[in-house]
2 protein chains.
Amino acid sequence: MTSPAVSSRDLPHPTREEIRLEGVLHALSDPMRMRIVRELAAVGDELSCSHFDLPVTKSTTTHHFRVLRESGVLQQVYRGTAKMNGLRKDDLDGLFPGLLDCLLDAAGRQAARLDGA
Amino acid sequence: MTSPAVSSRDLPHPTREEIRLEGVLHALSDPMRMRIVRELAAVGDELSCSHFDLPVTKSTTTHHFRVLRESGVLQQVYRGTAKMNGLRKDDLDGLFPGLLDCLLDAAGRQAARLDGA
DNA sequence: CCCGTACTACGATGCCTATCGTACGAGTCG
DNA sequence: CGACTCGTACGATAGGCATCGTAGTACGGG
């Protein structure tokens with residue numbers, strides 16, 4: 001029960017230079033995907049796909065994670081059977097300083113507002 | 001040649017409370033629409049639809065302006081035959097402080113980067 | 001009143017996408 | 001090995017959307 005090795009299954013990621021703002025905004029314009037990113041940011045660590053309990057099937061969950069990865073918002077890596085997901089905060093901050101925090105803050109404000117707080 | 005009156009033709013706008021982050025992000029995830037918003041922010045004033053010289057037909061331009069209005073990014077009003085467009089900066093800043101400036105900055109950085117500056 | 005300008009409405013088209021279900025592959029543990 | 005878990009692949013479906021062209025409406029000026 002040592003820490004599980006990173007699998008050789010490779011997942012295509014855009015390089016930092018390939019990340020496009022419109023792609024990031026499109027990825028985050030879906031509530032399900034914004035929810036994933038918010039949870040990831042709140043934890044501040046990598047999370048497995050199965051950690052998320054989304055109101056959609058697993059196929060659809062896989063789809064959303066792929067969109068987030070291909071737009072450059074997440075990095076994904078297999079560890080054993082789990083696929084770990086992490087925010088690409090450094091890359092996003094490097095390209096668009098402050099944007100991620102701003103978006104997360106905006107999402108938090110809207111969530112608080114709509115929850116009748 | 002007095003200043004042209006505001007027409008009675010009414011255009012439906014969301015109230016501030018009805019504006020949704022996902023709608024705003026979706027609206028700005030289209031390069032044509034981001035271009036419109038950037039130009040509007042740079043001028044800092046209202047502009048008529050015809051001021052913009054976009055590489056699409058006028059039908060498509062109308063469509064993009066409607067998406068921006070219905071998502072709450074723009075306010076539109078007829079003045080004579082012209083339809084004037086203004087950023088709803090106060091409403092957006094009230095809901096999501098700093099977000100608009102952050103997005104504009106991000107778009108500016110990407111434009112500078114891709115223009116080989 | 002007629003014309004030109006500014007913008008819209010509508011229909012068509014082709015693509016993208018969110019969702020599902022089922023069948024499958026990769027890895028772990030007994 | 002065999003069973004179980006995690007996640008993928010593929011096909012289907014339904015809806016959304018960016019784009020166009022054409023025809024039409026609203027407004028202002030001669």
Side-chain angles (χ1 to χ4, degrees), chain A residues 1-13 20 22-37 46-71 73-86, chain B residues 1-13 20 22-37 46-71 73-86:
Chain A
M1 205 280 188
T2 59
S3 80
V6 171
S7 161
S8 61
R9 282 186 283 176
D10 60 332
L11 296 161
H13 288 75
R20 291 293 174 269
E22 52 267 31
V24 172
L25 297 185
H26 173 250
L28 296 181
S29 71
D30 183 286
M32 212 68 70
R33 292 194 288 259
M34 178 59 95
R35 175 167 161 177
I36 292 171
V37 169
E46 293 190 328
L47 290 176
S48 72
C49 287
S50 58
H51 170 273
F52 297 87
D53 189 28
L54 302 174
V56 292
T57 63
K58 293 215 292 185
S59 317
T60 306
T61 302
T62 296
H63 162 69
H64 285 310
F65 275 107
R66 181 173 41 217
V67 172
L68 286 169
R69 169 169 46 83
E70 291 178 347
S71 67
V73 177
L74 298 189
Q75 83 225 26
Q76 297 188 298
V77 65
Y78 284 102
R79 262 198 275 277
T81 59
K83 187 155 89 171
M84 302 306 292
N85 301 275
Chain B
M1 203 287 190
T2 59
S3 82
V6 170
S7 161
S8 61
R9 280 186 284 175
D10 60 332
L11 296 160
H13 288 76
R20 293 290 173 271
E22 53 267 31
V24 172
L25 296 184
H26 173 249
L28 295 181
S29 72
D30 183 285
M32 213 67 69
R33 293 194 288 259
M34 177 59 96
R35 176 168 160 176
I36 291 172
V37 170
E46 293 189 332
L47 290 175
S48 71
C49 286
S50 58
H51 170 272
F52 296 88
D53 188 29
L54 302 174
V56 292
T57 64
K58 293 224 284 186
S59 317
T60 305
T61 302
T62 295
H63 162 70
H64 285 311
F65 275 107
R66 181 172 41 216
V67 172
L68 286 168
R69 170 169 46 83
E70 292 179 346
S71 67
V73 177
L74 298 189
Q75 84 224 34
Q76 296 189 298
V77 65
Y78 283 102
R79 262 199 275 277
T81 59
K83 188 155 88 170
M84 302 304 292
N85 302 276

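Everything numeric here is computed off the predicted structure, so don't read it as measured data. A note on names: the letters A, B, ... follow the listed sequences, proteins ahead of strands, and every chain is numbered from 1.
- Checking A:R69, A:H63, A:E70 one by one against A:V67, the side chain to side chain contact (heavy atoms under 4.5 Å, CB included) holds for a single residue, A:H63.
- Using a 4.5 Å cut-off on side-chain heavy atoms (C-beta onward), B:I36 and B:L54 make contact.
- Interface remark: the A:T81 side chain does not form any donor-acceptor pair with the D:dG7 base, using a distance-only criterion of under 3.5 Å.
- In this structure, B:H26 reaches the sugar-phosphate backbone alone: every heavy-atom distance under 4.0 Å involves primed, P, OP1 or OP2 atoms, never a base.
- Phosphate proximity of C:dC7 to B:R66: absent, as no side-chain N or O sits under 4.0 Å from OP1 or OP2.
- Nearest heavy-atom pair, A:Q75 versus A:H13, reported as atom, atom and distance to 0.1 Å: CA-NE2, 3.3 Å.
- There is no side-chain donor-acceptor pair under 3.5 Å between A:T62 and A:S59.
- Across C:dT19, C:dA18, D:dA18, the shortest atom-to-atom separation from the side chain of B:V67 is found for D:dA18.
- Residue A:H64 places at least one side-chain N or O closer than 4.0 Å to OP1 or OP2 of C:dT19.
- Between the NE2 atom of B:H63 and the P atom of D:dG16 there is a distance of 13 Å, rounded to whole Å.
- When distances are taken from the side chain of A:K58 to each of C:dC7, D:dG7, C:dA18, the shortest belongs to D:dG7.
- Close to D:dG7, at under 4.0 Å from its OP1 or OP2, lies no side-chain N or O of A:T62.
- For A:Y78, the listed nucleotide lying nearest its side chain is D:dG7; candidates were C:dC7, D:dG7, C:dG21.
- B:S59 has no side-chain polar atom (N or O) that falls below the 4.0 Å cut-off from OP1 or OP2 of D:dG21.
- Contact check, B:R79 against C:dA6: no side-chain N or O comes under 4.0 Å of OP1 or OP2.
- OP1 or OP2 of D:dG7 sits under 4.0 Å from a side-chain N or O of A:S50.
- The side chain of B:T57 approaches D:dG21 more closely than any other nucleotide in the set D:dG21, D:dT19, C:dC7.
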